[in-house]
Colleague: 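One structure follows; several queries about it will come next.
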Amino acid sequence: MQFPRLPDWAIYGAVAAVFLAVSLGRRENADAPPASAPVSEAEGPLLGPITPFDAAVTVDAGDAPFKPSSGTAFSIAGRGRWITARHVVEGCRKPALVVGQGRAVAADVRLAPRADIALLITDGGPPALPVAAEAPLRKGQRAFHPGFPQGRPGEVTSRLLGRETLKVFGRGARDEPVLAWAEVGRTNGLEGTLSGLSGAPALDPEGRVVGVTIAEAPRRGRIYTTAPETFGPAIRGEQTAGEDARGQAVTTEDYGRVSNQLRRDLRVAQVVCLSV
């Protein structure tokens, strides 16, 4: 009985397989470390740097005198350092942080020169929220915004769309790089404007602050936060190494509960302008 002759490629392949098996059997055992966690399917590529081609959104701040309003602030240092949005307190003679029913603590203010960020200073304060101003960001990643929309406790969740340039006219005119987020969820019963959420932290799923909530575009369903290039310099030197810790993980299932805890601990507080 005569067997058919195998093609040359099949013979070469079989020989290579034998050598490979012998080589693997003789090598030392060197288990690799666990692979990195896969990127969520909802997340895209890393966010790139600022470019001249970033889309622009226009805001008219007007030139009218300051009108008392309320906003949100969050602690970045236990010795009494808070961050809020600049437009919440700019022009306010007596800004204060609400610490209970009918109780507020006056704060001094330092305004960032070219960004919608303000540093509030009080005599002592609650533990800081961990900050990740330089953490890499991915398009599509989720953020959580706990604060006081419409002057009441509430929160919003969003997904990162990309970079834009905020063109502010009137009072405080400037071009500011910002991050645009698509709103994808909010507190049950919260309808309409998010006014009052300005100054709220934008938390990543690890509970770290990646930016400051500064504006919204209701018709487009967008939320705007500071960009790392402005947020990082505004808080540089204000946190100690011990305060730059990991935060509490946040998910879509529990971000309301986590937000309530942050407000109860006064790590996220309401900002008001006291009458003179």
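One is the number of the first residue; the rest follow in order along the sequence.
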Colleague: Any chance you could measure L120, atom CG, to F74, atom CZ, to the nearest 0.5 Å?
Modeller: 10.0 Å
Colleague: Just say parallel, tilted or perpendicular for the rings of W181 and H145, cut-offs at 30° and 60°.
Modeller: perpendicular
Colleague: Between the side chain of D116 and the main-chain N/O of R86, is any donor-acceptor distance below 3.5 Å?
Modeller: yes
Colleague: Could you work out, with salt bridge (Lys or Arg N to Asp or Glu O under 4.0 Å) as the rule, every residue matching R81, not counting sequence neighbours?
Modeller: E238
Colleague: Decide yes or no for L203 and P146: does some side-chain heavy atom of the first lie under 4.5 Å from some side-chain heavy atom of the second?
Modeller: yes
Colleague: Rounded to the nearest 0.5 Å, how far does CD1 of I76 lie from CG of L119?
Modeller: 5.5 Å
Colleague: Indicate, with yes or no, if V209 and I121 share a hydrophobic cluster defined by side-chain heavy-atom contacts under 4.5 Å among Ile, Leu, Val, Met, Phe, Trp and Tyr.
Modeller: yes
Colleague: Please lay out, stage by stage, how L129 and V268 fare under the test side chain to side chain contact (heavy atoms under 4.5 Å, CB included).
Modeller: CA-CA 9 Å; L129 287 176; V268 173; 4.2 Å; yes
Colleague: Within the 4.5 Å heavy-atom criterion, are L266 and P126 side-chain neighbours or not?
Modeller: yes
Colleague: Say whether V105 and V89 are linked into one hydrophobic cluster, either directly or through other cluster members, by side-chain heavy-atom distances under 4.5 angstrom.
Modeller: no
Colleague: Run the side chain to side chain donor-acceptor pair (under 3.5 Å) test on R138 and Q141 for me, step by step, so that the C-alpha distance in whole Å, both residues' side-chain angles and the decisive distance to 0.1 Å come before the verdict.
Modeller: CA-CA 6 Å; R138 289 186 177 275; Q141 79 172 63; over 6 Å; no
Colleague: How about V250 and P205: do any of their side-chain heavy atoms sit closer than 4.5 Å?
Modeller: no
Colleague: So do W82 and V271 actually touch side chain to side chain, heavy atoms under 4.5 Å?
Modeller: no
Colleague: Under 6.0 Å from the CD atom of Q261, do we count more than 12 heavy atoms belonging to anything else shown?
Modeller: yes
Colleague: May I ask you to decide whether R159 forms a salt bridge with E183, counting only side-chain N to carboxylate O separations under 4.0 Å?
Modeller: no
Colleague: With sequence neighbours excluded, tell me which residues meet salt bridge (Lys or Arg N to Asp or Glu O under 4.0 Å) with R257.
Modeller: D254
Colleague: Using the rule that two of Ile, Leu, Val, Met, Phe, Trp, Tyr join whenever any of their side-chain heavy atoms come within less than 4.5 Å, decide whether I223 and L190 are in one cluster.
Modeller: yes
Colleague: Applying side chain to side chain contact (heavy atoms under 4.5 Å, CB included), run through E155 and R263 and close with a yes or a no.
Modeller: CA-CA 11 Å; E155 50 278 327; R263 285 186 289 260; 2.6 Å; yes
Colleague: Minimum heavy-atom separation for P177 to A227, with atom names?
Modeller: O-CB, 3.5 Å
Colleague: Using side chain to side chain contact (heavy atoms under 4.5 Å, CB included), reason through R114 and T230 one step at a time and then give a plain yes or no.
Modeller: CA-CA 8 Å; R114 299 293 298 173; T230 55; over 6 Å; no
Colleague: Show, in sequence, the C-alpha distance, side-chain angles and deciding distance for R186 and E191, and conclude whether the salt bridge (Lys or Arg N to Asp or Glu O under 4.0 Å) test is met.
Modeller: CA-CA 9 Å; R186 59 169 62 188; E191 298 180 356; over 6 Å; no
Colleague: Considering all heavy atoms of both residues, which atom of L160 and which atom of A180 are nearest to each other, and what is their separation?
Modeller: CD1-O, 3.5 Å
Colleague: Less than 4.5 Å apart, any side-chain heavy atom of V210 and any of P228?
Modeller: no
Colleague: For the residue pair R267 and P127, what are the closest heavy atoms and their distance?
Modeller: NE-O, 3.3 Å
Colleague: Hey, could you give me the NZ/CG distance between K94 and D108, rounded to the nearest 0.5 Å?
Modeller: 12.0 Å
Colleague: How far apart are the closest heavy atoms of P153 and F148, and which atoms are they?
Modeller: N-CD2, 3.9 Å
Colleague: For the backbone of T193 and the side chain of Q150, can you confirm whether one donor and one acceptor N or O come within less than 3.5 Å of each other?
Modeller: yes
Colleague: For atom CZ of R103, decide whether the heavy atoms of other residues, nucleotides or ligands shown that lie under 6.0 angstrom number more than 12.
Modeller: no
Colleague: Looking only at non-hydrogen atoms, find the nearest pair between A200 and G147 and report the distance.
Modeller: CB-CA, 4.4 Å
Colleague: Does any non-hydrogen side-chain atom of I83 lie less than 4.5 Å from one of V131?
Modeller: no
Colleague: Contact between T225 and V178 at the side-chain level, heavy atoms closer than 4.5 Å - yes or no?
Modeller: no
Colleague: State, with a plain yes or no, whether a side-chain heavy atom of F231 is found less than 4.5 Å away from one of V212.
Modeller: yes
Colleague: Please walk me through it: do I214 and E176 pass side chain to side chain contact (heavy atoms under 4.5 Å, CB included)?
Modeller: CA-CA 11 Å; I214 58 175; E176 178 181 348; 4.1 Å; yes
Colleague: For R163, is there an ion pair with E229 - N to carboxylate O distance below 4.0 angstrom?
Modeller: yes
Colleague: What heavy-atom pair brings G232 and A133 nearest, and what distance separates the two atoms?
Modeller: CA-CB, 3.8 Å
Colleague: Test R142 against T157 for side chain to side chain donor-acceptor pair (under 3.5 Å), laying out the working first.
Modeller: CA-CA 7 Å; R142 190 177 289 274; T157 181; 3.0 Å; yes
Colleague: In terms of hydrophobic clustering (I, L, V, M, F, W, Y; side-chain heavy atoms under 4.5 Å; direct or indirect links), are L111 and V88 co-clustered?
Modeller: yes
Colleague: With sequence neighbours excluded, what pairs up with E216 under the salt bridge (Lys or Arg N to Asp or Glu O under 4.0 Å) test?
Modeller: none
Colleague: Ignoring hydrogens and geometry, is there a side-chain-to-backbone donor-acceptor pair from S158 to F144 under 3.5 Å?
Modeller: no
